[in-house]
Protein chains: 2
Amino acid sequence: MKKKNNREPIYALIYTNLRNQIFDGQLSVGDLLPSENQLCSNYKVSRETVRRGLKALESEGLIYSRPKVGYFVSLPNYSDVTVSFTVNPANCRTHYKDIHAVMPDAEVRNILNIPEDRIVIELSQVTDSVEGTPVAYDIKYILYEQAYPSVESEIRFAVFPELTLPKMAAFSYYTDVQIRAVGASEAVAKVLECRIGEPLLLVERIYIQQNGKRIGYALHYSRQPYGALKGTSGYRL
Amino acid sequence: MKKKNNREPIYALIYTNLRNQIFDGQLSVGDLLPSENQLCSNYKVSRETVRRGLKALESEGLIYSRPKVGYFVSLPNYSDVTVSFTVNPANCRTHYKDIHAVMPDAEVRNILNIPEDRIVIELSQVTDSVEGTPVAYDIKYILYEQAYPSVESEIRFAVFPELTLPKMAAFSYYTDVQIRAVGASEAVAKVLECRIGEPLLLVERIYIQQNGKRIGYALHYSRQPYGALKGTSGYRL
DNA sequence: GAGTGGTCTAGACCACATG
DNA sequence: ATGTGGTCTAGACCACTCT
């Protein structure tokens, strides 16, 4: 049996050492790091190798560079929280309630920025826990046009989530998200089998193409505590 | 007046061209990009320059590399939502309600993983809208020990948010976040001047040091629609 | 003027995936 | 066997900052 040659690259060593100094507090917020040339001398390596290590720290957001001045330790940002919005929670089953073309109401028309006579696809689904209790109610309004393959795939993916994603322009849209607490309306309470006014988490998403065109709007109501959103902020070692 | 020499670097050109092809759909999800050597020929540049452009795409998550095989277009992740958790919303004023040492209840003890006799700092504050309506209620439990400078700065920053952040070990902790909808309890309803049971957004954060030690726990109740959380998912051009 | 980071070159050797 | 990406070198020139 031959020993695998898994030696750590030098730039990774530089990266790790500097990162440890940042976490230790040997390097504090705003501190100036050693210059590239200093690091070259310290590690007896070429400048590009040093830069590779620094670049790794920079793209993780731990440091930033001021050209012609030096590299500095970044100020951590704890106000940006990354939330994992799980489409299919564990131990839950999602089934379709309805899918059809509708004339949307004024609010949806306004959000999607479409004229009065525009027809959209309305797609609703309910997610049940293992015990059979409904825990989430989803309503999506999708601007269906053949010219927008991403929407087609959205529908196909929504209806048959087990299908692999079809070929599509990657990153062709993003979503704007808003998270609120609302009391269950009569209609929603009926679906979720809860009392009217029960606190629900409402996640609204607007699907927007890179050219600015709005192509979809989704509402996700979830009963508590099932539908709690989990996330993290800051840098996790 | 001399013209500024702001020519675009070659690697940035390569980056931009490939990125456009990804957004256009000329390159779809899972597609193989041209090899480094091919790009070298196409652009008549050295390999390191090509790699710089590819590295930029990679660190943005648009592509990934399979060593010895090639670079591929990534599958966009729309389930990770980045939420901006604004501490001091615009047009709002935050003022202190209380700050003192307490013996926390069982729930807080459990979350912070501390013994029964452990004392913590409890810090509460209320945020008012311009009209004077209370819109948010914050309660923080902080494990105060001189050995943990990040906690000291947390307190100082919380009490005097206008102060610049003191020198501290950067990235020494992260937070676990949970977002839920709850009905206002009697105590919370009193502070927020709303009826009991009114739907509130509750953001809970646990502050955790890189070594795993839990050093703080915060609850943030907000009335709707003021305290709605906004975020985005996907890649925004 | 000395030092810094930003860009770029033209090589090199390696381990490995694929056909 | 060929091609790929991963790592690394030893130079170079530039524009700029700082003192």
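Order of the sequence lines sets the chain letters (A, B, ...), proteins ahead of strands, with each chain counted from 1.
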Residue closer to the 5' end of DNA chain D, Lys68(A) versus Lys68(B) (nearest nucleotide): Lys68(B)
Can you tell me how far [atom2] of [N] sits from [atom1] of [X], to the nearest Å?
{"X": "Glu8(B)", "N": "dG6(C)", "atom1": "CD", "atom2": "P", "answer": "17 Å"}
{"X": "Glu36(B)", "N": "dA10(C)", "atom1": "CD", "atom2": "P", "answer": "16 Å"}
{"X": "Leu39(A)", "N": "dC8(D)", "atom1": "CG", "atom2": "P", "answer": "15 Å"}
{"X": "Leu33(B)", "N": "dT4(D)", "atom1": "CG", "atom2": "C1'", "answer": "14 Å"}

With sequence neighbours left out, write down each residue that passes side-chain hydrogen bond (donor to acceptor under 3.5 Å, both in side chains) with Arg66(B), or none if nothing qualifies. none
Going by side-chain hydrogen bond (donor to acceptor under 3.5 Å, both in side chains), name the residues that satisfy it together with Ser233(A), two or more places apart in sequence or in a different chain. Thr175(B), Arg205(B)
Which one, [options], comes nearest to the side chain of [X]?
{"X": "Arg66(B)", "options": "dC8(D), dT18(C), dG5(D)", "answer": "dT18(C)"}
{"X": "Ile10(B)", "options": "dG5(C), dA17(C), dC8(C)", "answer": "dC8(C)"}
{"X": "Tyr71(A)", "options": "dG5(C), dC16(C), dT7(C)", "answer": "dG5(C)"}

Centroid-to-centroid, Phe85(A) to His220(A), below 6.0 Å? yes
Does Arg51(B) have any salt bridge (Lys or Arg N to Asp or Glu O under 4.0 Å) partners at least two apart in sequence or in another chain, and if so, which?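 Listed in chain order: Glu36(B).
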Could I get the full list of salt bridge (Lys or Arg N to Asp or Glu O under 4.0 Å) partners for Arg214(B), not counting sequence neighbours? none
So, is [X] near the phosphate of [N], with a side-chain N or O under 4.0 Å from OP1 or OP2?
{"X": "Asn37(A)", "N": "dT4(C)", "value": "yes"}
{"X": "Tyr11(B)", "N": "dC8(C)", "value": "no"}
{"X": "Ser35(A)", "N": "dG3(C)", "value": "no"}

Could you name each residue pair satisfying ring pair (Phe, Tyr, Trp, His ring centres under 6.0 Å) that touches residues 12-58 of chain B, not counting sequence neighbours?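 Sorted pair list: Phe23(B)-Tyr235(B).
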In residues 40-59 of chain A, which residues come under 4.0 Å of DNA chain C by heavy atom? Arg47(A), Glu48(A), Arg51(A)
Can you find a side-chain donor-acceptor pair between Tyr173(B) and Gln210(B) that sits under 3.5 Å? no
